[in-house]
Enquirer: 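The following block contains the structure, expressed as structure tokens.
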Number of protein chains: 2
Amino acid sequence: MADRPDGTGGIQSLDQALRVLVALARRKRAASLSELARDCGMPTSKVHRYLASFLNAGFVRQAERSGKYDLGPASIETGLSALNRHDFVNRAADALPGLAADTGLTALLCVWGNFGPTVVRWERAASLVAASLGLGTALPLLTSATGRVFLAYLPEAVTAALRRKELAEAATSGREFDDIGPDEAGVHALAETVRAAGHAAVDGRYIPGLVAMAAPVLDWQGQAQAVVTLIGTDPRAIAKDAPALGQMKVFCAALSITGPGGAPA
Amino acid sequence: MADRPDGTGGIQSLDQALRVLVALARRKRAASLSELARDCGMPTSKVHRYLASFLNAGFVRQAERSGKYDLGPASIETGLSALNRHDFVNRAADALPGLAADTGLTALLCVWGNFGPTVVRWERAASLVAASLGLGTALPLLTSATGRVFLAYLPEAVTAALRRKELAEAATSGREFDDIGPDEAGVHALAETVRAAGHAAVDGRYIPGLVAMAAPVLDWQGQAQAVVTLIGTDPRAIAKDAPALGQMKVFCAALSITGPGGAPA
DNA sequence: AAATGCTTTGCATATTATGCAAAGTTTTGT
DNA sequence: ACAAAACTTTGCATAATATGCAAAGCATTT
């Protein structure tokens, strides 16, 4: 056991102990000693001693009667502390210039404000500037890629008011939506499509000369905490096989909190 | 090192390593190696090796540029997994959207964390979004409805540290509390008032434009294991005869562990 | 009541964590 | 811009300690 390519300079017993803790976290319910030992491929006595330490520190609780092991209050407190520092807006904002540089597109970070999708950070690429887009700008819900992602990843009640407003305006102005039905049913279908794809994209139909695509930064309730948007002029930039699409989704996935079950290596 | 009355049968290196993790969790921000070493009274080399293991397991993240250490995604996942095992969180989470819909207000579920009242679930209503409120956000103890319920329904020892801190801050900043005395006696009286009413409410005094009310979810010892909070913009929503108040209290009563028989596994 | 499965503890050995000190790296001061 | 200080990271010898086996409790089952 000489070479650990990446896992250098750690404490072996601690590595093993943490494997036990994540094994317990992966299970949905309390687990018995032997179950955990089997999961980790370790002798029961070893796991038992690890659990004793976790128990003393409060990371693990032992059920009074059954003797099974479960996660304890210290695990909750540590997790909440970690969550507390997870500031989506700032974390995303720090990384936004990198995304803009990698893709060569203008990158936007939006949150849901009182008037709908609101731009809070924006990183322009070399080529173009959408002059009308400034900080605090509110974007449309139904006709922007950003808005459509919020539509798909926020509760209906939240978006209801703006939804109705934009539908009514579309009706009175006579301007129909090209790619969606002009009623609530059409909006539902749109949201479903966005959820299935994991992102939204619009071509120059609504904002002539501009193409955009957007993806959500999700919290662990599966709701959109923020939306990241890429804007360009070239329609090929938002094609399904465009590299920028993949980069954007990776970017968002890295910022999203993966709930229990999602286990990256 | 002969007698450890209660801490029997553990792994010493693991005990020490976990002390480092909780030291990191107790800090509000990312910490440097030497800070942690000082906190724990350990040599830096030791702490560094522990952190290397935590890093490999994902419990700790290292900031790209500063090199400081912070809690990582595995900490979040483990904590959320621990939260999900408490039945009351799940039951509350299932019912929370209904409460938000019925009242038309934003509904919050909070538990007590390292930094005080901490948001673990929230359901936004149509009308408003408090942008600064997210999962894992820590709320003030004395000036939020949520915090005041914890103050009233948790042992004094639990809230003591935060109580002193907020009182001291109020004293130095010169900002007096409007509705409570600026000392421990005033805090005691406040807690008594909350207990008598069974809930707490604040108007826009502390958070301009926002009104909130909160009630406890009690365990079998009569302590708050969680607090449910409703937030709105209309002061009439938190009036004594407002329907939302009754709905919230019914909601909490249903979640509270009533008599014997509600024995979790 | 005997037996099975599970959890917990003793103990000798070898693995491995430890602390010191030096090398490497970034930040601060002049 | 250079020097100095502070901090982070790594090597190494030694002593501490984690490990695995096996036996002893303990509860539930047949």
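Values below: every heavy atom of this structure, side chains too, minus hydrogens, waters and symmetry copies. All figures in this text were calculated on a predicted structure; none of them were measured in a lab. Numbered from 1 within each chain, the chains take letters A, B, ... in sequence-line order.
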Enquirer: Kindly indicate, with the supporting measurements, whether the criterion salt bridge (Lys or Arg N to Asp or Glu O under 4.0 Å) is fulfilled by Arg27(B) and Asp39(B).
Expert: CA-CA 10 Å; Arg27(B) 284 186 169 261; Asp39(B) 281 7; 3.0 Å; yes

Enquirer: Do the side-chain N or O atoms of Tyr50(B) get closer than 4.0 angstrom to the phosphate oxygens (OP1, OP2) of dT18(C)?
Expert: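 For Tyr50(B), the contact criterion (side-chain N or O under 4.0 Å from OP1 or OP2 of dT18(C)) is met.
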
Enquirer: Closer than 3.5 angstrom, by distance alone: can the side chain of Ser81(B) be matched with the main-chain N or O of Glu77(B) as a donor-acceptor pair?
Expert: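 It does not hold such a pair.
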
Enquirer: How long is the line joining CG of Asp15(A) and C1' of dT15(C), in whole Å?
Expert: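 Rounded to whole Å, this separation is 15 Å.
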
Enquirer: Would you say Tyr69(A) places a side-chain N or O within less than 4.0 Å of OP1 or OP2 belonging to dC6(C)?
Expert: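 Looking at the OP1 and OP2 atoms of dC6(C), neither is under 4.0 Å from any side-chain N or O of Tyr69(A).
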
Enquirer: Heavy atoms only, 4.0 Å cut-off, all strands: where does Leu33(B) land among base, sugar-phosphate and nothing?
Expert: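 Base: the residue Leu33(B), judged by heavy atoms under 4.0 Å, touches a nucleobase.
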
Enquirer: Mind checking Gln62(A) for me? I need base, sugar-phosphate or nothing, with any heavy atom below 4.0 Å counting as a touch.
Expert: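 Sugar-phosphate, backbone atoms only, no base.
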
Enquirer: In this structure, how many angstroms lie between the C1' atom of dA18(D) and the CG atom of Leu14(B), rounded?
Expert: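 Distance check: Leu14(B) CG to dA18(D) C1' gives 11 Å.
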
Enquirer: Rounded to whole angstroms, how far apart are CG on Leu51(B) and C1' on dC7(D)?
Expert: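 From Leu51(B) CG to dC7(D) C1': 14 Å.
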
Enquirer: When the distance from NZ of Lys46(A) to P of dT7(C) is rounded to whole Å, what number comes out?
Expert: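 Those two atoms, NZ and P, are 18 Å apart.
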
Enquirer: State which residue, out of Val111(B), Thr137(B), Leu71(B), Asn114(B), fulfils the side-chain contact (heavy atoms from CB on, under 4.5 Å) condition with Leu80(A).
Expert: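 Looking at Val111(B), Thr137(B), Leu71(B), Asn114(B), the match for Leu80(A) under the side-chain contact (heavy atoms from CB on, under 4.5 Å) is Val111(B).
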
Enquirer: For Ala31(A) and Ile11(A), take the nucleotide of DNA chain C holding the closest heavy atom to each; which residue's nucleotide lies nearer the 5' end?
Expert: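 Nearest-nucleotide comparison on DNA chain C picks Ala31(A).
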
Enquirer: With a non-hydrogen cut-off below 4.0 angstrom, is Ser45(B) in contact with a base, only sugar-phosphate, or nothing?
Expert: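 Base contact - Ser45(B) has a heavy atom under 4.0 Å of at least one base atom.
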
Enquirer: Check every atom of dC11(C), dT8(C), dT8(D) against the side chain of Thr44(B) and return the nucleotide holding the closest atom.
Expert: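 Taking heavy atoms from C-beta onward, the closest nucleotide is dT8(D).
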
Enquirer: For the side chain of Ser13(A), starting at C-beta, report the closest nucleotide among dG19(C), dT8(C), dA18(D).
Expert: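 Among the listed nucleotides, the one closest to the side chain of Ser13(A) is dA18(D).
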
Enquirer: What is the separation between atom CG on Leu36(A) and atom C1' on dT8(C), rounded to the nearest whole Å?
Expert: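 Whole-Å distance recorded here is 15 Å.
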
Enquirer: Ser32(B) has a side chain; which of dG20(D), dT8(D), dC20(C) sits nearest to it?
Expert: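 The closest nucleotide is dT8(D).
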
Enquirer: Are more than 12 heavy atoms, taken from residues, nucleotides or ligands other than Arg121(B), located less than 6.0 Å from that residue's CZ atom?
Expert: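 Atom CZ in Arg121(B) is crowded, with more than 12 foreign heavy atoms closer than 6.0 Å.
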
Enquirer: Measure from CD on Gln12(A) to C1' on dA17(C) and round the result to the nearest Å.
Expert: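 So the CD-C1' distance, Gln12(A) to dA17(C), works out to 9 Å.
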
Enquirer: So which heavy atom on Thr229(B) is nearest to which on Ala214(B), and how close?
Expert: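 Smallest heavy-atom distance, with atoms named: OG1-CB, 3.6 Å.
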
Enquirer: Rounded off to whole Å, could you give me the CZ-to-P distance for the Arg38(A) and dG5(C) pair?
Expert: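 That distance rounds to 12 Å.
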
Enquirer: In what stems does DNA chain C take part, counting only runs of at least 3 consecutive Watson-Crick or G-U pairs whose two distances fall under 3.5 Å?
Expert: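 So far as stems of 3 or more pairs are concerned, DNA chain C shows C:1-6 with D:25-30, C:8-22 with D:9-23, C:24-30 with D:1-7.
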
Enquirer: Which heavy atom of Cys252(B) sits nearest a heavy atom of Ala215(B), and at what distance?
Expert: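 Where Cys252(B) meets Ala215(B) most closely, the heavy atoms are SG-O, 3.6 Å.
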
Enquirer: Among dT18(C), dA18(D), dT9(C), which is the nearest nucleotide to the side chain of His48(A)?
Expert: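 Taking heavy atoms from C-beta onward, the closest nucleotide is dT9(C).
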
Enquirer: Would you call Arg29(B) and Asp70(B) a salt bridge, taking side-chain N to carboxylate O under 4.0 Å as the test?
Expert: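 Asp70(B) and Arg29(B): not salt-bridged.
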
Enquirer: Are any of the side-chain nitrogens in Arg164(B) or Glu184(B) under 4.0 Å away from the carboxylate oxygens of its partner?
Expert: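 Judged by the 4.0 Å cut-off on N to carboxylate O distance, Arg164(B) and Glu184(B) do not form a salt bridge.
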
Enquirer: Please report, rounded to the nearest Å, how far the P atom of dC12(D) is from the CZ atom of Arg49(B).
Expert: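 Answer to the nearest Å: 12 Å.
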
